[in-house]
A.B. asks: 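This is the structure I have questions about; it appears just below.
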2 protein chains.
Amino acid sequence: MTLSIDKPTSKKPPRLRDKTITLAHGSGGRAMQDLIEALFVQAFQEGPANALEDQARIPLDELTAQGDRLAFTTDSFVVDPIIFPGGDIGTLAVNGTVNDLAVSGAIPRYLTCAMILEEGLPMQTLRQVVASMAAAAKQAGVAIVTGDTKVVPRGGADKIFINTAGIGVMRTGVTPAAVHIQPGDVVLVNGPIGNHGATIMVARGELSLETDLQSDCQPLNGLVDAIVSVCPEVKAMRDATRGGLATVLNEFAESARVGIRLIEDQIPVDDAVKGLCELLGLDPLYLANEGKLVVVVPPEQAEEVLAAMRSHPSGTQSQIIGQVTEGQWVSLKTAFGTERVIDRLVDDQLPRIC
Amino acid sequence: MTLSIDKPTSKKPPRLRDKTITLAHGSGGRAMQDLIEALFVQAFQEGPANALEDQARIPLDELTAQGDRLAFTTDSFVVDPIIFPGGDIGTLAVNGTVNDLAVSGAIPRYLTCAMILEEGLPMQTLRQVVASMAAAAKQAGVAIVTGDTKVVPRGGADKIFINTAGIGVMRTGVTPAAVHIQPGDVVLVNGPIGNHGATIMVARGELSLETDLQSDCQPLNGLVDAIVSVCPEVKAMRDATRGGLATVLNEFAESARVGIRLIEDQIPVDDAVKGLCELLGLDPLYLANEGKLVVVVPPEQAEEVLAAMRSHPSGTQSQIIGQVTEGQWVSLKTAFGTERVIDRLVDDQLPRIC
């Protein structure tokens with residue numbers, strides 16, 4: 001059974017007296033109903049959800065007014081730790097799905113929120129995560145319209161896992177897809193890479209390091225609007241999450257049967273990330289991001305797209321980082337003038353990064 | 001990042017050599033790509049998903065041809081054990097979301113599938129669950145069009161959790177909602193209650209019982225079609241999952257500010273469920289179902305709806321079980337002629353039931 005985020009009710013929400021999550025909060029009974037009304041409905045009805053008259057029932061003409069296709073996506077989030085510099089699992093869960101929709105060329109509209117909670121989770125932690133989700137949804141201009149809550153006994157899960165599914169409307173005529181990429185096209189990124197992966201690594205506390213690192217977690221739909229408005233012919237866009245920039249570029253190369261040559265000097269990496277990578281023998285190209293977009297555009301539009309990206313708050317440090325070639329490899333021209341192949345990751349650098 | 005179930009590819013899927021799930025299967029890299037191509041894409045492209053030309057991009061005119069509103073829902077599944085008589089977590093994950101959509105009056109169309117896997121999960125188990133999902137989707141006539149895979153280190157989750165989100169199209173003019181319920185309306189159910197809850201209880205193996213009990217897990221969209229075709233004015237429908245029949249009826253009564261009087265004799269309960277309940281001091285009214293629908297219709301249409309339900313394979317044992325009254329309580333007229341209040345569940349009878 002799904003409990004939907006209805007329009008604001010006139011009755012006063014129940015007060016939550018429990019200090020931690022108990023199995024009763026997942027029972028389908030009174031305790032679950034109170035949790036949903038006191039926490040989720042209160043937090044999520046603040047946004048554009050108010051526009052909805054009933055549960056998650058969305059008038060189709062409202063969607064067809066914006067485009068001709070629906071984009072539909074899902075992501076589960078299991079990040080550890082659940083709270084980290086620059087965000088928490090709630091910020092991640094909203095922005096992750098917003099970004100998945102945005103890079104497909106869609107205008108993100110509605111999200112679901114399904115939580116798996118471990119018995120014993122402090123109520124205060126859940127409150128913080130839910131508040132982060134509400135704030136992130138507001139920032140991205142999406143509504144969280146329905147949800148689900150499950151509780152597993154202590155030890156059956158680790159604190160909190162969140163799934164968000166999302167729907168968006170694809171603008172008529174805008175159809176980015178990796179198969180459209182051709183030799184000569186230009187590859188851009190909207191800022192320094194690796195910050196999320198590096199931040200989580202440090203936040204685990206196993207390295208005994210202190211840094212100023214912050215996750216780059218942010219919504220990318222505004223930046224995508226800026227790109228699409230100057231370049232509706234954008235070839236492909238993807239957010240470089242798990243597996244980092246290297247993985248996205250390999251997926252692009254494989255789908256389009258092309259090569260991609262990167263220029264190391266052009267790829268923005270913050271000093272703190274560089275330092276951590278040198279210390280641990282890691283490659284920032286494979287580190288996860290949560291607010292970084294890889295864009296491929298026709299060469300004659302590259303400069304205009306770059307300017308549009310730099311004019312947007314989420315893209316002030318955007319760079320052209322390489323070009324599509326004949327061939328089949330992703331390669332990197334290093335600062336020393338040598339060239340090395342950037343292959344896919346086989347093993348896992350860091351589990352539970354998102 | 002979401003990986004979408006594309007149209008069938010011409011290239012041969014990779015062979016999975018790993019016998020168990022490893023962290024690399026959640027890395028975003030090669031191992032994850034291979035898992036998705038070898039397992040998910042192969043299984044899920046068998047259904048109507050073939051109709052899709054690209055990822056989860058759905059033409060809006062295909063939806064507007066069926067109705068005027070979109071229904072959007074989500075559910076996570078954490079059932080323990082993951083395989084039980086009558087189904088597994090995969091059957092449950094598909095039918096649960098199909099049923100959520102169906103009872104809102106929608107024609108279920110597209111599902112997502114997001115899995116959280118525990119490191120060490122046998123690949124054979126995952127294969128079985130994925131095959132169940134594909135079979136259930138085929139039976140219900142829905143397509144699984146996109147998904148996500150996360151792996152958590154051993155001990156971070158229990159075997160496998162699945163989230164399915166779903167979209168469906170609401171038929172123009174059909175708007176079941178609990179607030180429409182009025183005194184005089186008639187309450188029906190499509191067959192014996194409590195089988196799923198009782199089955200899971202026995203399947204945990206803590207009771208040392210042997211029974212022939214099976215979960216009632218099934219898709220309800222066909223049955224809803226049959227109901228709506230004779231009674232588009234249906235007042236309310238809901239699947240009686242967690243918290244059972246009692247919880248649904250209490251939600252109805254609260255939303256519509258009415259009472260509901262049930263007749264105990266009329267409520268179908270299988271002997272095996274009755275026996276287990278007597279043995280353990282449980283009430284079948286609170287036991288979970290995964291294929292049971294509670295329907296409220298105007299009194300003048302009750303017999304016609306009952307006949308339509310009994311003509312459908314998922315409703316051969318349908319019964320009229322009670323009537324809506326003035327007042328505010330759900331009550332049960334017992335076989336002895338006494339009447340007792342059926343309140344909401346406060347605590348949890350059985351965690352991880354779905």
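As a basis for the values below, the full set of heavy atoms in this structure was taken, side chains included, without hydrogen atoms, waters or symmetry mates. Letters A, B, ... mirror the listed sequences (proteins, then strands); counts begin at 1.
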A.B. asks: Please round to the nearest 0.5 Å and tell me the distance separating atom OG1 of T74(A) and atom CD1 of I144(B).
C.D. replies: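 If we round to the nearest 0.5 Å, T74(A):OG1 and I144(B):CD1 are 12.0 Å apart.
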
A.B. asks: Between CZ of F72(B) and CG of L111(A), what distance do you get to the nearest 0.5 Å?
C.D. replies: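 The distance works out to 7.0 Å.
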
A.B. asks: Taking all atoms of both residues into account, what is the closest heavy-atom pair of K150(A) and S76(B), and its distance?
C.D. replies: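 Here K150(A) and S76(B) meet closest at NZ-O, 2.7 Å.
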
A.B. asks: If you measure from the Lys or Arg side-chain nitrogens to the Asp or Glu carboxylate oxygens, is any gap between R69(A) and E62(B) under 4.0 Å?
C.D. replies: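 No.
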
A.B. asks: Output yes when D68(B) and R57(A) qualify as a salt bridge under the 4.0 Å nitrogen-oxygen rule, no when they do not.
C.D. replies: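 So D68(B) does not pair with R57(A) through a salt bridge.
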
A.B. asks: With salt bridge (charged side-chain N to carboxylate O under 4.0 Å, His left out) as the rule and sequence neighbours excluded, what pairs involving residues 157-175 of chain B come up?
C.D. replies: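 Qualifying pairs, neighbours excluded: D158(B)-R352(B), R171(B)-D225(B).
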
A.B. asks: With rounding to the nearest 0.5 Å, note down the distance linking CZ in F161(B) to CZ in F161(A).
C.D. replies: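 Nearest 0.5 Å value for the CZ-CZ distance: 6.0 Å.
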
A.B. asks: side-chain contact (heavy atoms from CB on, under 4.5 Å) for T73(B) and T112(A)? Distances and angles first, verdict last.
C.D. replies: CA-CA 7 Å; T73(B) 186; T112(A) 63; over 6 Å; no

A.B. asks: Top residue by heavy-atom pair count (under 4.5 Å) with chain B, among D343(A), I116(A), T97(A)?
C.D. replies: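 The option with the most such pairs is I116(A).
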
A.B. asks: In terms of heavy-atom pairs under 4.5 Å, which option from D61(B), D34(B), L63(B), T164(B) contacts chain A the most?
C.D. replies: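 With the most close heavy-atom pairs to chain A, the winner is L63(B).
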
A.B. asks: Is the closest basic N to carboxylate O distance between D148(B) and R242(A) below 4.0 Å?
C.D. replies: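 Looking at D148(B) and R242(A), the cut-off is met.
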
A.B. asks: For V103(B), is it the side chain, the backbone, both or neither that has a heavy atom under 4.5 Å from a heavy atom of chain A?
C.D. replies: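 When you check distances to chain A, no heavy atom of V103(B) falls under 4.5 Å.
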
A.B. asks: Would you name the heavy atoms of G67(B) and L60(A) that are closest together and state the gap between them?
C.D. replies: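 In terms of heavy atoms, the two residues are closest at O-CD1, 3.5 Å.
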
A.B. asks: Rounded to the nearest 0.5 Å, what separates atom OG in S27(B) from atom CG in L345(A)?
C.D. replies: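 With rounding to 0.5 Å, OG (S27(B)) is 5.5 Å from CG (L345(A)).
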
A.B. asks: Identify which of V169(B), T149(B), I353(B) forms the greatest number of heavy-atom pairs closer than 4.5 Å to chain A.
C.D. replies: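 Looking at each of V169(B), T149(B), I353(B) in turn, T149(B) comes out on top.
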
A.B. asks: Nearest 0.5 Å please: distance from the CG atom of N250(B) over to the CD atom of Q33(A).
C.D. replies: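 It is 10.5 Å, given to the nearest 0.5 Å.
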
A.B. asks: Using the side-chain contact (heavy atoms from CB on, under 4.5 Å) rule, take I58(B) and I167(A) through it: C-alpha gap first, then chi angles, then the decisive distance, then the call.
C.D. replies: CA-CA 10 Å; I58(B) 300 156; I167(A) 56 178; over 6 Å; no

A.B. asks: Return the minimal non-hydrogen interatomic distance between N163(B) and A114(A), and the atom names on each side.
C.D. replies: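 It is ND2-CB, 3.2 Å.
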
A.B. asks: Out of M115(B), M170(B), R30(B), return the one with the most heavy atom pairs under 4.5 angstrom to chain A.
C.D. replies: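 It is R30(B).
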
